[in-house]
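Please read these numbers as outputs of a predicted model, since none were measured by experiment.
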Amino acid sequence: MPHLTSTNTRKQGTGLHTGFGIPGFAHPLVAPAEWAELTRPRTAPLHWVVLNVADGPGSRPDPHCLEAAGRLRNAGIRVLGHIDATYGARSFGEMVSDAQRYLDWYKVDGFLLDRCPTGRTALPEIRRTVTTLRAIRDDAHVVLGHGTHPYPGYAESADQLVTFSGPWSDYRWSQVAEWTADYPPDHFCHLVHGVPGPHLDEALRIARWQGAATIYFTDRTDRGGRTDPWETMPGYWDEIVSRIGTGVSE
């Protein structure tokens with residue numbers, strides 16, 4: 001099947017089981033139930049939650065976002081600041097400035113570099129950015145949001161790579177890059193929208209076969225690019241939490 005991994009033996013992880021990476025809900029005033037749900041006791045782990053105030057940290061501290069981030073961190077949940085890399089178009093200084101504001105205003109635990117470039121030529125600048133992020137925030141958890149398989153060298157520059165972000169219609173026929181077998185599943189994340197409820201088990205199997213321990217599946221769609229499918233929770237949230245918590249995806 002197209003989504004099977006190569007025959008290489010995949011490296012063992014660090015004991016991290018399949019869990020969620022939340023790519024960022026709408027503003028807490030718009031989606032209060034979603035943010036509240038994240039701190040409710042559950043059986044499935046939350047690996048991280050992205051805080052995206054206004055396509056970044058915004059121009060001034062937002063008390064509602066500060067409160068939401070504080071509740072998550074008090075619950076032991078890692079909060080990542082959203083930084084738009086714009087496929088390499090944004091400057092090093094702009095991205096570091098965003099990171100510093102996230103730290104000053106929201107005390108984040110790390111960063112998601114969204115729309116991260118994938119090519120070899122952009123790697124040195126991304127590596128420089130990641131090094132600086134870790135210098136200004138000790139133990140920063142850095143996720144590179146490529147959305148597809150990048151040049152393999154990026155895998156050495158971050159804690160995790162988002163190697164798929166897109167619709168179910170593409171994911172169910174996706175193929176994994178062979179070089180990913182050299183890394184444990186906790187190094188990779190898959191974000192998939194438009195996943196029908198009856199296909200949840202299939203989607204979880206694909207993530208397992210392709211070696212991605214951090215996932216987020218939703219039945220919401222982007223309506224042809226007109227809406228953000230991550231802004232609200234999937235209609236089957238309780239069901240997928242239960243499946244992952246009971247080890248169905250393992």
Please confirm whether the backbone N or O of [Y] pairs with a side-chain atom of [X], one donor and one acceptor, at under 3.5 Å?
{"X": "Q210", "Y": "S174", "value": "yes"}
{"X": "D98", "Y": "I83", "value": "no"}
{"X": "W105", "Y": "P63", "value": "no"}
{"X": "Y102", "Y": "L51", "value": "yes"}
{"X": "E202", "Y": "H199", "value": "no"}
{"X": "R73", "Y": "K107", "value": "yes"}
{"X": "H47", "Y": "H17", "value": "yes"}

Apply side chain to side chain donor-acceptor pair (under 3.5 Å) to [X] and list each qualifying residue two or more places apart in sequence or on a separate chain.
{"X": "W168", "value": "none"}
{"X": "T232", "value": "R220"}
{"X": "H82", "value": "D114"}
{"X": "H27", "value": "D62"}

Which heavy atom of [X] sits nearest a heavy atom of [Y], and at what distance?
{"X": "V195", "Y": "Y236", "answer": "O-OH, 2.7 Å"}
{"X": "S157", "Y": "G153", "answer": "OG-O, 3.8 Å"}
{"X": "F217", "Y": "H190", "answer": "CE2-O, 4.4 Å"}
{"X": "A158", "Y": "H187", "answer": "O-CE1, 3.2 Å"}
{"X": "P117", "Y": "A85", "answer": "CD-CB, 4.2 Å"}
{"X": "I126", "Y": "C116", "answer": "CD1-SG, 4.0 Å"}

Q | W179 reachable from V162 in the ILVMFWY side-chain graph, under 4.5 Å edges | A |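 Yes, V162 and W179 fall within the same hydrophobic cluster.
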Indicate if I136 and L144 have the same hydrophobic cluster label, given that clusters are the connected sets of ILVMFWY residues with side-chain heavy-atom separations under 4.5 angstrom.
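As far as the 4.5 Å side-chain criterion goes, L144 and I136 are connected within one cluster.
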Going by heavy atoms in the side chains, are [X] and [Y] under 4.5 Å from each other?
{"X": "I215", "Y": "I244", "value": "yes"}
{"X": "T218", "Y": "M233", "value": "no"}
{"X": "T214", "Y": "D186", "value": "no"}
{"X": "Y216", "Y": "P234", "value": "yes"}
{"X": "V192", "Y": "R172", "value": "no"}
{"X": "E67", "Y": "P28", "value": "no"}
{"X": "H141", "Y": "V143", "value": "yes"}
{"X": "T180", "Y": "L161", "value": "no"}

Margin query: Determine whether T18 and R208 satisfy the following criterion, side chain to side chain contact (heavy atoms under 4.5 Å, CB included), listing intermediate values before the conclusion.
Written below: CA-CA 8 Å; T18 299; R208 174 168 53 86; over 6 Å; no
For F111 and M95, run side chain to side chain contact (heavy atoms under 4.5 Å, CB included): C-alpha distance rounded to whole Å, both residues' side-chain angles, the deciding distance at 0.1 Å, then the answer.
-> CA-CA 10 Å; F111 309 94; M95 291 190 287; over 6 Å; no
Can you pull out every salt bridge (charged side-chain N to carboxylate O under 4.0 Å, His left out) where at least one residue sits in [range]? Sequence neighbours excluded, please.
{"range": "residues 155-167", "value": "R134-D159"}
{"range": "residues 136-155", "value": "D109-R137"}
{"range": "residues 47-59", "value": "none"}

Pairing residues for [X] by the side chain to side chain contact (heavy atoms under 4.5 Å, CB included) criterion, not counting sequence neighbours:
{"X": "R223", "answer": "T221, R226, T227"}
{"X": "R115", "answer": "D84, T86, Y87"}
{"X": "L66", "answer": "Y106"}
{"X": "A54", "answer": "none"}

**Prompt:** Per the side chain to side chain contact (heavy atoms under 4.5 Å, CB included) rule, which among L191, N52, V49 passes with P23?
**Reply:**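 Result for side chain to side chain contact (heavy atoms under 4.5 Å, CB included) with P23: L191.
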Would you sort out whether L103 and V108 count as a side chain to side chain contact (heavy atoms under 4.5 Å, CB included), showing the intermediate values? CA-CA 5 Å; L103 287 170; V108 296; 3.9 Å; yes
Exercise. Is it the case that more than 12 heavy atoms not belonging to R90 sit under 6.0 Å from its CZ atom?
Worked result: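 Counting neighbours around CZ of R90, more than 12 heavy atoms of other residues, nucleotides or ligands fall under 6.0 Å, so yes.
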For the pair E125 and R128, find out whether any cationic side-chain nitrogen is under 4.0 Å from an anionic carboxylate oxygen.
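A salt bridge links E125 with R128.
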Checking side chain to side chain contact (heavy atoms under 4.5 Å, CB included) for the pair F92/T132: CA distance, chi angles, key distance, verdict? CA-CA 9 Å; F92 167 82; T132 303; 3.3 Å; yes
Could you state the interatomic distance from [atom1] ([X]) to [atom2] ([Y]), rounded to the nearest 0.5 Å?
{"X": "I240", "Y": "L204", "atom1": "CD1", "atom2": "CG", "value": "5.0 Å"}
{"X": "R205", "Y": "L200", "atom1": "CZ", "atom2": "CG", "value": "10.5 Å"}
{"X": "I22", "Y": "W35", "atom1": "CD1", "atom2": "CH2", "value": "9.0 Å"}

Where at least one partner belongs to residues 142-167, residue pairs that pass ring pair (Phe, Tyr, Trp, His ring centres under 6.0 Å), sequence neighbours excluded
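Sorted pair list: H146-Y154, F164-Y171.
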